[in-house]
Structures are given as C-alpha cells and as structure tokens.
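Structure first, commentary second.
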Amino acid sequence: MPLPRPLRWYAATSLALVATYLAWPQDWRIVPFLLVTVGAVPAVLAATLRTPRDAPLLWRTLLVALVCFNAGNLVWIYHVYVAGRVTGDGTAADGLFALAGVLLLVAAVAVVVRRGRRDVGGIIDAAVVALGFGGVLWSTVLLPQLAEAGAPMTRQLALFVHVYVLLATLGAMARVALVAGRTVIALHLFVVALAFAVGGHLAVTFATDPVTGVRPDWTNMLFMASYAALGCAALHPSARLITQPGPAPVDDLSTGRLVFLGATIALIPLIGGGRVVFGLPTDGVLIALGSAAVIPLVMIRIARLSGQRRRAEQALVRAATHDALTGLPNRAACLDRLTADLAVPGPGQPAGLAVLFCDLDGFKPVNDRLGHAAGDTLLTAVAGRLRACTRSVDLVARFGGDEFVIVLHDADPVTAAAVLCDRIRDVVLRPYAVDGEQVCVGLSVGVAYAGPDTTADEVIGRADLAMYAAKQSKAIGALSLATA
C-alpha cells in the first residue's frame, strides 16, 4: 500500500534536515531545528482532525506538548540570540520543556492503557525489564557523571525518577508495538519518537559541560529525530488504530522468561549494593527508588497470574459439572447433588425429596425439520422455562439429550411436586419461537419420591420408569404425568 504523499514529503524533508543539521553554519542551525520542530505541529493537528472521536484526546495532548516544546525553544532562542546568554538552559524554557515532557509521557501512557489493555502481563514484564536495564544505565553512566559534576542529591533524585519513568514507559510502549506487528506502523513510529526523546535527555545529562552548562549541538539532532518520528506517526494512515484495543497474546510465563525477569529484577540490588566490591559507595537511590518501582509491578503481575489460575480452575470445574448448551448442571453434577442430599442425616430427611424426570415430546421432528441449531435453541428455551418454574433451593439439571431432571426439597414433597407440575403445564402450553417459527412441544414427566435408605440411582430409576409410563399418553403442547 503506497504511503500518502504528505507523509512522503514530510518524512523526506525532516530526514534531510536532521541529517544535514551539523553541516549548516552554527549561527544558522536554528533554522532546520525550528523547521522540524514546528513542522510536527500541523502533522499532529491533522491526526487530531482525522482520527475517530475516541482518539483525539491522545493527539490533543501531543499537540499541546508540541506547542509547549516549541514555546520553550523560542524562549531558549531569545535568551541565546537576543539576550546574549551562553545557553538558554536554566531559564523559563526548562519549565516549558518539563511540561511538554509530562504531556508526552501522559500521551504514551494513554496509548499503553488503551492499546495494551489485553496484554497487561506482557506490558508489566517489558516495564520491569526496562527498569532493570535502567538501573544499569543509572549506576554505570549517569550517577558517575552527576557525582563528577557535584550535582546535589535533589537533582539526582529528580533525574532518577525522570529517567526511570521514561524508560518504564518506553519498555511498555515497545511491548505494545511488538504485539501490534506491522499493522500499526504509526505505533512503531511513536515508540521511535519516545526512544529519541529518552536518548536526547540522557545525552544532555551526559554531554553538558558541568562548568559552562553548554551542551554540544549534536544533542539537538536526537530531539529533532523525535519530532520527525512523531510527525510521521501522526500522518501515517494507521494513526487511527493507535488507541484501539490490541490483540490478546498468550500470557505464557515460561521458565526461560521467568528466569530472565528474575535476573533483571536482581540487577537493581546487585548493582546498587555491589558497588561496594569496587570500593564505591552504595547507590542508595537505586536500591530504594528502583525497588520501590519494581516491587509493585511484580506484585501486580503475581496477582494477575493468581487470578488467571483461579479463573481457569473455575472454568474447568464448571465445564465438568455444567451442560455447555443450557448452562444447567449436567448428569454427573445431578447425581452427585442427589447422592449428597440423600446422605444428609436426620429423621425423615429423605422423605422430603422428590425427583421429576422430564422428557420432551415432539422434539425430534422440530430438530429434523429445522436443523440442529434450531434444536439447540429450543432446548435452551425449555431449560430457561423449567428453571423459572422452580425455587432457588431446587435443582434443575440436563440429564442428557432432551431429558431434564428436577430435584425438589420440601417438607411436603407431594404437594410441592403437584404445584410445580401445574406451573410446568402452564409454560408448556405456550409455543416457542425457534428459527422464525412458532413450535410446540410436550413434556412427559415421571415423579418419584425418596424413601428410607433410598439411593440416587434408585429414585432416578423409578422416576425414569414413571416418565415412560407417562409417554403412553403423550400429547404435543401438553403435560403428560405419571407417578412412581
């Protein structure tokens, strides 16, 4: 599928400006920088107007972020080119850049939440991995740089939190893009934009002269690339898919994956405290804040896995004890429940139990004429009516095929069975809407009562025989009844 012409022109122009940035005379480098940064604004504005109604909030957030970035650039340019300062850092531009960074982070988190809502486990794993390697980056690169520059603890804490949040978001975004595959190229471009932004912040921290506060011009190329990638993401046709829920991959926490995650988590205390081995002070910031960031994610991951296991066990139990079509207890569950009820000790307890064995009359002609799907619809409707006729303490089960069993509990089971049969007779008289037709079926019911030392098989068998006796007088649209 060919890319839209605006996207091709924007991508080619932005790439050329980024690639040739250092070739421009130093006093003129502000021109390509502004062309790239300002050029991303109409691209994101176009995405805001083009995407569905539930997505513009993302693009509006990015649009405000770009406006803040460019406002900060203008303030920075004023202080350098008009006020004659060596650098615009340390001015009001820093506040605008910080606000823009927060908005960019909010937009990225919104994408993760909306697009990755079906892959929470994978996103947590990706964030944990990113935080683990972030600890390595912090302890081996950033902390020595800050210590050499004599940065106060407050700046170290602020930078640590900033870097950690960015890296966790980047890891989560990378996971979302990986699951999306090539169908959502805009999402990959968004990840690239966030990666360049993170790289730019790290480069500024690492490359800025601690004495003069001046940073080399090549660091601007990373931010320019971030703007360009974000603009390309906004102009790509798949931008409308960024906030739509993604697929639900298999959350398979295999042994290899578990070992890798465990090793990643161990990096933080090993590096933070292992510095002592090399005669360096313990990195308390990494151990305290790094652990505080990772532990909640691990606990959420464990809780989700526990919940998944519990739901899987419940699904297995339900599949083993319930009929898949009607949702009623199946034959095995019916016999287990009946056996348990008959085993309850107490004088006269079995005498308070009645079993109704029900078989549909006229079901086969409907099934043969309208098809099995219509037959399934009819069985489901019959099951619903039988369940509606009974009380919450009674049991309605699908015994097999078009046979249903009802177990009644009452101090006077004879009267209770008679009342229930009257209710069933009323509902049987009403036709069923099946496959656009009105069909009628009858119901043959055999009733048996539990006596002393009665077993489940015995009372079911007597009710079954009574049902066959009722079949002798069966009638469609009516109730045929016999008592054992």
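Since the structure is predicted, the reported quantities are computational estimates derived from the model, not experimental observations.
Ala417 pairs by the side chain to side chain contact (heavy atoms under 4.5 Å, CB included) definition with Leu356, Leu408, Val447, Tyr449, not counting sequence neighbours. In this view, Phe357 and Phe399 satisfy the ring-ring contact (aromatic ring centres under 6.0 Å, His included) rule, not counting sequence neighbours. With sequence neighbours excluded, the residues that form a side chain to side chain contact (heavy atoms under 4.5 Å, CB included) with His188 are Ala177. The ring-ring contact (aromatic ring centres under 6.0 Å, His included) test applied to His201 returns His162, Phe223, not counting sequence neighbours. By the salt bridge (charged side-chain N to carboxylate O under 4.0 Å, His left out) test, Asp125 is found to be paired with Arg257, Arg301, residues two or more places apart in sequence or in another chain being considered. Taking Arg391 as the reference, Asp394, Asp410 meet the salt bridge (charged side-chain N to carboxylate O under 4.0 Å, His left out) condition, with sequence neighbours excluded. When the salt bridge (charged side-chain N to carboxylate O under 4.0 Å, His left out) test is applied to Arg369, the partners found at least two apart in sequence or on another chain are Glu437. Looking at residues two or more places apart in sequence or on another chain, you find a ring-ring contact (aromatic ring centres under 6.0 Å, His included) between Tyr227 and Phe69. Listed by chain and number, the residues in a side chain to side chain contact (heavy atoms under 4.5 Å, CB included) with Val120 are Ile124, Arg304 (sequence neighbours excluded). The salt bridge (charged side-chain N to carboxylate O under 4.0 Å, His left out) search around Arg385 returns none, not counting sequence neighbours.
Counting only residues at least two apart or on different chains, the side-chain hydrogen bond (donor to acceptor under 3.5 Å, both in side chains) pairs with a member in residues 358-367 are Asp359-Lys471, Asp361-Ser444, Asp361-Lys471, Lys364-Asp368, Asn367-His372. Within the structure, side-chain hydrogen bond (donor to acceptor under 3.5 Å, both in side chains) pairs that include any residue of residues 329-340 comprise Arg337-Asp341 (at least two apart or interchain).
Arg423 has no carboxylate O lying under 4.0 Å from a charged side-chain N of Asp426, or vice versa, which leaves the two without a salt bridge. Under the 4.0 Å criterion applied to side-chain N and carboxylate O atoms, Arg309 and Glu313 are assigned as salt-bridge partners.
Ser238 places a side-chain N or O within donor-acceptor distance of the main-chain N or O of Ile185, the cut-off being under 3.5 Å. Proximity of a side-chain donor or acceptor of Ser14 to a complementary backbone N or O of Ala11 within less than 3.5 Å is not detected.
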